[in-house]
Amino acid sequence: MTYPITRHRRLRRTPALRNLVRETYLHPHDFVYPLFVVPGEGVKQEIPSMPGVYHYSVDRLEEEVREIQSLGIQAVLLFGIPEHKDPIGTSAYETDGIVQQATRLIKALAPELVVVADTCLCEFTDHGHCGVVHGSGATAVVDNDESLALLVRTAVSQAAAGADIIAPSNMMDGFVAAIRQGLDEAGFEDIPIMSYAVKYSSAYYGPFREAAQSAPQFGDRKTYQMDPANVREALREAASDVAEGADMLMVKPGLAYLDVVRVVKERFDLPLVVYNVSAEYSMVKAASLQGWIDERAIVLETLTGMKRAGADLIITYHAKDAVRWLNG
């Protein structure tokens, strides 16, 4: 049957009809909100390239945690900028490291709030790479297996501080297996791993690198992060992490990779996370500040598209605004 018997517009005629047949819904429980924690006291400083996103010192976290709770957001993703950096990222796995301090405080303030700890070394190394580097300049190489040992130490220290989920973002081969073994041996067998399984070497990370002070001091990350042109490789990466014991998979970035989100969702039955990354956020904010777009409409449409593509969870800097708009 076709027109005039079939008229697709019949189900679009009123808001109520459109609501009745809507296929994809956003909910506050879909969102994970990133937090950037820095040394010092009394710090709440807006990140210039990410309007509305702030650096917080640990003593200023309470007001932010209370607001997140009041909105019904159930999870935060913690990034930390340490007081000192060195070649092996020692501050990442210290008992009193910045992420560990923030985790203990958040769990004391809001035990039910899920703390996801980003597990990487790039914010903590003086060279800005995600692992141990040997050599310099054109001969510099990130040592995969040596890096794994430090990432395991980081994950265990984060779990010991109270992190509910470990989220390794380093893209070393075998990182899920190594961290799973390390957590289990340390008595944290119940702590899940949210694997950055499919993480592309993307230009969309620019504002984040300012926020996390994690830009590489030489070279780039193309030897360990994925080529944006590849999708079959994404399935191989995800399959490895599933076999190694990942509990959740992530695709990062989001907007330019929704085809990847769909194929990963169709291939694997683990919960799928999409990271709505910093440049995706900042481009919307910049255009909105110029009055060129309707920020609310653009953000909710973008987040709906990510969920429609297959995301079960969305890590997004828009989370607080999105919840306000959804509840409004």
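Taking each heavy atom of A110 and Q69 in turn, the nearest pair found is CB-NE2, 3.3 Å. For L121 against A92, the heavy-atom pair with the smallest separation is CD2-CB, 3.8 Å. Residues S57 and V43 come closest through the heavy atom pair OG-N, 2.8 Å. Heavy-atom minimum distance, A322 versus L303: CB-CD1, 3.8 Å. Closest non-hydrogen pair, V176 versus G245, comes out as CG1-C, 3.9 Å. Of all heavy-atom pairs between V37 and V58, the closest is CG1-CG2, 3.7 Å.
Salt bridge annotation for R180-D247: present, with a cationic side-chain nitrogen under 4.0 angstrom from a carboxylate oxygen.
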Check the pair I47, H55 against side chain to side chain contact (heavy atoms under 4.5 Å, CB included), reporting the backbone distance first and the verdict last.
CA-CA 7 Å; I47 299 164; H55 285 137; 3.9 Å; yes

Show your reasoning for whether side chain to side chain contact (heavy atoms under 4.5 Å, CB included) applies to I106 and L78.
CA-CA 10 Å; I106 293 171; L78 277 185; 4.0 Å; yes

Derivation of the side chain to side chain contact (heavy atoms under 4.5 Å, CB included) call for V273 and V251:
CA-CA 6 Å; V273 185; V251 174; over 6 Å; no

Carefully, step by step, assess D321 and R324 under the rule salt bridge (charged side-chain N to carboxylate O under 4.0 Å, His left out).
CA-CA 5 Å; D321 286 336; R324 292 187 187 101; 3.2 Å; yes

For the pair L235 and V264, evaluate side chain to side chain contact (heavy atoms under 4.5 Å, CB included) and give the outcome as yes or no after the intermediate values.
CA-CA 6 Å; L235 295 176; V264 172; 4.2 Å; yes

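The 12-atom threshold is not exceeded at CZ of R232, counting heavy atoms of other residues, nucleotides or ligands nearer than 6.0 Å. By the 6.0 Å contact criterion, CZ on R66 is enclosed, its count of non-hydrogen atoms from other residues, nucleotides or ligands being greater than 12. By the 6.0 Å contact criterion, CD on E189 is enclosed, its count of non-hydrogen atoms from other residues, nucleotides or ligands being greater than 12.
Residue I193 holds its CD1 atom at 5.5 Å from CG of L183, rounded to the nearest 0.5 Å.
Within the structure, every pair that satisfies the side chain to side chain donor-acceptor pair (under 3.5 Å) test and touches residues 157-168, not counting sequence neighbours, is listed here: Q100-S157, K107-D164, T119-Q158.
Cluster membership for W325 and L289, using ILVMFWY side-chain heavy atoms within less than 4.5 angstrom, is not shared.
Of the possible donor and acceptor atoms, one in the side chain of E280 sits under 3.5 Å from a partner among the backbone N and O of V277.
Just one of Y275, Y200, Y204 meets the ring pair (Phe, Tyr, Trp, His ring centres under 6.0 Å) condition when paired with Y257; it is Y200. Each of Y317, F36, Y33 was scored for a ring pair (Phe, Tyr, Trp, His ring centres under 6.0 Å) with F79, with one residue passing: F36.
Using cut-offs of 30° and 60° on the angle between ring planes, the pair H27 and H29 is perpendicular.
Checking E112 against Q74 by side-chain atom types alone, no donor-acceptor pair falls below 3.5 Å. S147 and D143 form no side-chain donor-acceptor contact under 3.5 Å, judged by distance and modelled atom types alone. Judged purely by distance below 3.5 Å, without hydrogens or angles, the side chains of Y196 and D118 pair a donor atom with an acceptor atom.
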